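One structure is given here, and the rest of the page talks about it.
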Amino acid sequence: MRLKKVGEFPLIDIISKQTAASHPSVIKGIGDDAAVIAEGRDKCLLVTTDTLREEIHFKTSFTTPFLLGKKSLSVNLSDIAAMGGTPFCYFVSLSVPESLSLDFVKELYRGMHRKAKEFNTVLLGGDTVSSLKDIVISITLLGRAKKKSVVYRHRAKKGDLIYVTGYPGESALGLLMLKKDPNFFKRKSAVKKHLDPSPRIALGKALAEKKLANSMIDISDGLIADLEHITRQSKKGAHIYLSQIPLSNSYKKECLDFSKDMYHPALFGGEDYELLFTSEAKNKTKITNLSKRSGIPITCIGKITDPSEEIAILGNSNKKIKKGNIGFRHF
Ligand code: ADP
Ligand code: MG
């Protein structure tokens, strides 16, 4: 069977089953934003890996090598944020054609190094190979957390409220703008969000250490697609209230020039690298205070329901809306 027919997530399930094995140090293997490995009595190591491939994840005509370097590390940092951890070192595997300029590679690493410094993270190694044509940047990032505070995808509870940080959909809107005219739209905030996302490390850590999240994931494939990972792994359903989805003013002003539907990029667009988490209703005031202190919007957009209900998107008068296509899948 061809991979196109299998699909990205069933493929990962097949790999996971085929290679199933246990090890006394492994707390969580395949299936979350990062693997969790015991380190001593109370601590654990978090390990995540993510790849950006030219023409699939980026085009050199849309970005600069400096921003590309920043984003390559940010997408990995975001996975550590989703576990509530603190990053500390990374490895870079770089595939590049021999025609690429040295300046491009230097700028790429300047971008990575800038992002790394922001989060007190150091480059410890990697690999360099030649490619026939495309640039591929694969990063493995390690982080740390206290065992007890790690937040997983599979622990959402019925009745939990669902929260999202920031404004989902801006990155997808930025990509639509770049596709229309990369030069004309380059100063738009949505484009900046797409090219240079901000991993929510401090917020993820605060939520984890204050025990304010039962489950958490970062939004890389789209809000609904990533919520589906939480509901499937927690064996729960969810209600999402369309009217509560936070949209930034600039998004509201410009979205309909690029998308037929105001909510489509916010619900189904990917690469926001915001956090999506669930928390007991009693934590609402604490979460509001955390949002005020951090200056990052955290909005309640729905609640976790019984397993049978799947994800229902509710519009006016709580009427269910059809989901259509869900997020970005590689196959
Ligand atoms: P994220 O979007 O948070 O980076 P992914 O959807 O890429 O997460 O991956 C989900 C889980 O599947 C992770 O535990 C990841 O390590 C694992 N995974 C993805 N691809 C592979 C693969 N080819 N082989 C083994 N594990 C994989
Ligand atoms: Mg993730």
Side-chain angles (χ1 to χ4, degrees), residues 3-4 6-23 25-37 44-53 56-58 71-87 90-93 95 119 136-143 145 150-156 163-166 168 171-172 197-201 203-205 207-208 213 215-234 268-278 326-331:
L3 294 181
K4 191 170 173 49
V6 180
E8 181 185 349
F9 300 120
L11 174 66
I12 295 173
D13 278 346
I14 292 167
I15 294 170
S16 170
K17 284 191 185 117
Q18 187 188 344
T19 57
S22 61
H23 189 285
S25 296
V26 176
I27 301 172
K28 179 76 193 177
I30 294 176
D32 218 302
D33 292 291
V36 183
I37 303 161
C44 59
L45 205 58
L46 305 169
V47 187
T48 183
T49 186
D50 256 311
T51 301
L52 296 191
R53 179 175 196 109
I56 303 223
H57 300 98
F58 67 91
K71 184 166 178 176
S72 307
L73 191 59
S74 289
V75 303
N76 282 277
L77 288 162
S78 180
D79 279 324
I80 297 296
M83 306 300 289
T86 307
Y90 67 107
F91 297 79
V92 180
S93 169
S95 310
F119 294 98
V136 185
I137 308 146
S138 188
I139 294 186
T140 299
L141 175 67
L142 277 68
V150 173
V151 189
Y152 297 91
R153 294 176 178 180
H154 66 268
R155 289 192 182 147
Y163 294 87
V164 69
T165 64
S171 175
S198 303
R200 303 299 192 192
I201 292 286
L203 213 47
K205 202 175 154 188
L207 288 165
S215 67
M216 185 150 68
I217 190 168
D218 69 317
I219 304 180
S220 51
D221 298 331
L223 192 155
I224 296 296
D226 286 310
L227 177 60
E228 245 187 3
H229 290 305
I230 287 186
T231 53
R232 198 159 38 89
Q233 294 194 27
S234 302
F268 305 112
E271 297 199 87
D272 288 307
Y273 300 105
E274 294 292 349
L275 296 175
L276 182 68
F277 65 96
T278 76
I326 294 185
F328 182 79
R329 301 239 162 113
H330 278 273
F331 310 113

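All values below were derived from every heavy atom in this structure, side-chain atoms included, with hydrogens, water molecules and symmetry-related copies excluded. From a predicted model like this one, the values you see are computed outputs, not experimental measurements. In each ligand, atom 1 is the first atom listed, and ligand 1 is the first ligand listed.
For atom 23 (N) of ligand 1, the nearest protein heavy atom (residue, atom name, distance) is Ile15 CD1, 3.8 Å.
Looking at Asp79, Asp33, Asp32, Val47, it is Asp32 that brings a heavy atom closest to atom 13 (C) of ligand 1.
Between the Asp79 side chain and the Ala34 main chain, no donor and acceptor come within less than 3.5 Å of each other. A donor-acceptor contact shorter than 3.5 Å is absent between the side chain of Ser138 and the backbone of Ser93. A side-chain donor-acceptor contact under 3.5 Å links Asn76 to the backbone of Asp50. Thr48 contributes no side-chain N or O that, together with a main-chain N or O of Ile80, makes up a donor-acceptor pair within less than 3.5 Å. For the pair Thr51 (side chain) and Ile137 (backbone), a donor-acceptor distance under 3.5 Å is absent. Side-chain atoms of Asp221 do not come within 3.5 Å of backbone N or O of Asp226 as any donor-acceptor pair. In this structure, Ser78 contributes its side chain and Glu274 its backbone to no donor-acceptor pair below 3.5 Å.
Which parts of ligand 1 touch Ile30 is read off a 4.0 Å heavy-atom cut-off, strictly below it: atoms 12 (O), 14 (O), 17 (C), 25 (C), 26 (N). Which parts of ligand 1 touch Asp50 is read off a 4.0 Å heavy-atom cut-off, strictly below it: atoms 4 (O). Taking every non-hydrogen atom of Phe9 and a distance limit under 4.0 Å, the qualifying atoms of ligand 1 come out as 6 (O). Counting the atoms of ligand 1 from 1 in the order shown, those under 4.0 Å from a heavy atom of Ser220 are 2 (O).
The distance cut-off of 2.8 Å around the Mg ion (ligand 2) captures these protein N, O or S atoms, sorted by chain and number: Asp33 OD1, Asp79 OD1, Asp218 OD1.
Ligand 1 has Arg153 within reach: a non-hydrogen atom of the residue lies less than 4.0 Å from it.
The two residues Asp33 and Ala82 come nearest to each other via the heavy atoms OD2-CB, 3.4 Å. The shortest non-hydrogen separation linking Leu223 to Ile219 is N-CG2, 3.6 Å. Across all non-hydrogen atoms, the minimal contact from Ser234 to His154 is OG-C, 3.1 Å.
There is no protein heavy atom closer than 4.0 angstrom to atom 15 (C) of ligand 1. Closer than 4.0 Å to atom 8 (O) of ligand 1 lies at least one heavy atom of the protein. Less than 4.0 angstrom separates atom 2 (O) of ligand 1 from at least one non-hydrogen atom of the protein.
Under 4.0 Å from ligand 1, the heavy atoms of Ile12 that appear belong solely to its side chain.
Between the CZ atom in Phe9 and the CZ atom in Arg232 there is a gap of 7.5 Å [rounded to 0.5 Å]. Taking OG1 from Thr49 and CG from Leu142, the interatomic distance works out to 10.0 Å, rounded to the nearest 0.5 Å.
An N or O contact shorter than 3.5 Å links Gly31 to ligand 1 by distance.
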